[in-house]
Amino acid sequence: VQLQASGGGLVQTGGSLRLSCKVSGTINDITTVAWYRQPPGKQRELVAKITGPATITYADSVKGRFTISRDIAKRMVYLQMDDLKPEDTAVYYCNIFSAGGNYWGQGTQVTVSS
């Protein structure tokens with residue numbers, strides 16, 4: 001199983017980015033698909049997750065600005081990030097938690113300039 005994250009980059013405050021996570025391999029009994037981030041010098045934190053078929057949870061800091069989605073047929077997970085702020089600067093990781101394991105992508109850097 002591999003999770004390949006992409007779409008990060010450098011953007012100005014107020015800008016948008018769309019992160020993508022491509023899932024290769026078979027994962028059964030998925031519980032959650034999620035995006036986490038790790039700001040410089042800080043611990044990794046949950047950004048957004050989809051639990052079960054359609055329960056979505058967002059961190060308070062990104063509510064109303066970020067949207068998580070997935071395309072099961074394409075085996076993709078997305079994070080649309082709008083109105084980006086300097087405090088959104090971090091390495092972003094996609095994650096899938098299942099009965100068979102906890103899988104992480106390699107991370108993609110998002111830098112928001114002021």
Side-chain angles (χ1 to χ4, degrees):
V1 173
Q2 285 191 326
L3 277 61
Q4 182 72 37
S6 62
L10 174 64
V11 65
Q12 291 185 332
T13 296
S16 297
L17 284 173
R18 187 194 196 202
L19 304 184
S20 299
C21 179
K22 182 175 179 58
V23 181
S24 301
T26 300
I27 305 177
N28 296 316
D29 300 322
I30 292 175
T31 301
T32 62
V33 296
W35 287 94
Y36 287 75
R37 68 185 181 188
Q38 188 164 13
K42 297 184 179 181
Q43 292 186 332
R44 193 172 298 188
E45 61 186 17
L46 176 68
V47 176
K49 67 178 180 180
I50 304 173
T51 303
T55 301
I56 296 178
T57 304
Y58 293 100
D60 288 343
S61 59
V62 307
K63 282 181 181 176
R65 300 188 298 122
F66 290 12
T67 304
I68 187 173
S69 63
R70 63 183 173 183
D71 186 325
I72 295 175
K74 294 183 178 179
R75 302 167 66 81
M76 298 290 292
V77 184
Y78 303 101
L79 185 68
Q80 177 66 39
M81 306 187 295
D82 298 316
D83 190 23
L84 283 160
K85 303 176 180 181
E87 51 263 43
D88 295 318
T89 294
V91 178
Y92 284 71
Y93 299 88
C94 55
N95 168 263
I96 294 180
F97 183 79
S98 73
N102 192 21
Y103 304 94
W104 293 92
Q106 85 287 5
T108 184
Q109 176 70 47
V110 172
T111 303
V112 185
S113 63
S114 58

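Given the structure is predicted, the values throughout are model-derived calculations rather than measurements. Heavy-atom basis, side chains included; hydrogens, waters and symmetry copies ignored.
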Polar side-chain atom of [X] near backbone of [Y] as donor-acceptor pair, under 3.5 Å:
X    : Y    : result
N95  : Y103 : yes
T55  : G52  : no
T108 : S6   : no
S24  : V1   : no
Q43  : Q38  : no
T32  : A34  : no

Can you run down the salt bridge (Lys or Arg N to Asp or Glu O under 4.0 Å) pairs that involve residues 3-32, sequence neighbours left out, and say none if there aren't any?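 Checked against salt bridge (Lys or Arg N to Asp or Glu O under 4.0 Å) - neighbours excluded - no pair reaches residues 3-32.
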Does R37 qualify as a cation-pi partner of Y93, given the criterion of NZ or CZ under 6.0 Å from the six-membered ring centre and within 45 degrees of its axis?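 No, R37 and Y93 do not form such a contact.
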Check for me whether the distance between the ring centres of F66 and W35 falls short of 6.0 Å.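 Centroid distance F66-W35: not below 6.0 Å, so no.
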If hydrophobic clusters are built from ILVMFWY residues whose side chains come within less than 4.5 Å, do [X] and [Y] share one?
X   : Y    : value
I30 : M76  : no
Y78 : W104 : no
V62 : V77  : yes
L84 : Y36  : no

Could you list all the disulfide bond (SG atoms under 2.5 Å apart) pairs where at least one residue sits in residues 1-53, not counting sequence neighbours?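 For residues 1-53: C21-C94.
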Nearest-0.5 Å distance that lies between atom [atom1] in [X] and atom [atom2] in [Y]:
X   : Y    : atom1 : atom2 : value
R70 : I50  : CZ    : CD1   : 5.0 Å
L3  : Q106 : CG    : CD    : 9.0 Å
T51 : F97  : OG1   : CZ    : 11.0 Å

Determine whether more than 12 heavy atoms belonging to other residues, nucleotides or ligands lie under 6.0 Å from atom CD1 of I72.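 Open: at most 12 neighbouring heavy atoms sit under 6.0 Å from CD1 of I72.
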Over all atoms of both residues, closest heavy-atom pair of [X] and [Y]:
X    : Y   : value
S16  : D82 : OG-OD1, 2.8 Å
S114 : P86 : CB-CG, 3.9 Å
V47  : L79 : CG1-CD2, 4.1 Å

From V11, L17, L10, residue fulfilling side chain to side chain contact (heavy atoms under 4.5 Å, CB included) relative to V112: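 Filter result, single survivor: V11.
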State plainly whether the residues K85 and D88 are in salt-bridge range, i.e. N to O under 4.0 Å.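 No.
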With side chains defined as the heavy atoms from C-beta onward, is the minimum distance between M81 and L19 less than 4.5 Å?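 Contact flag for M81/L19 side chains = yes.
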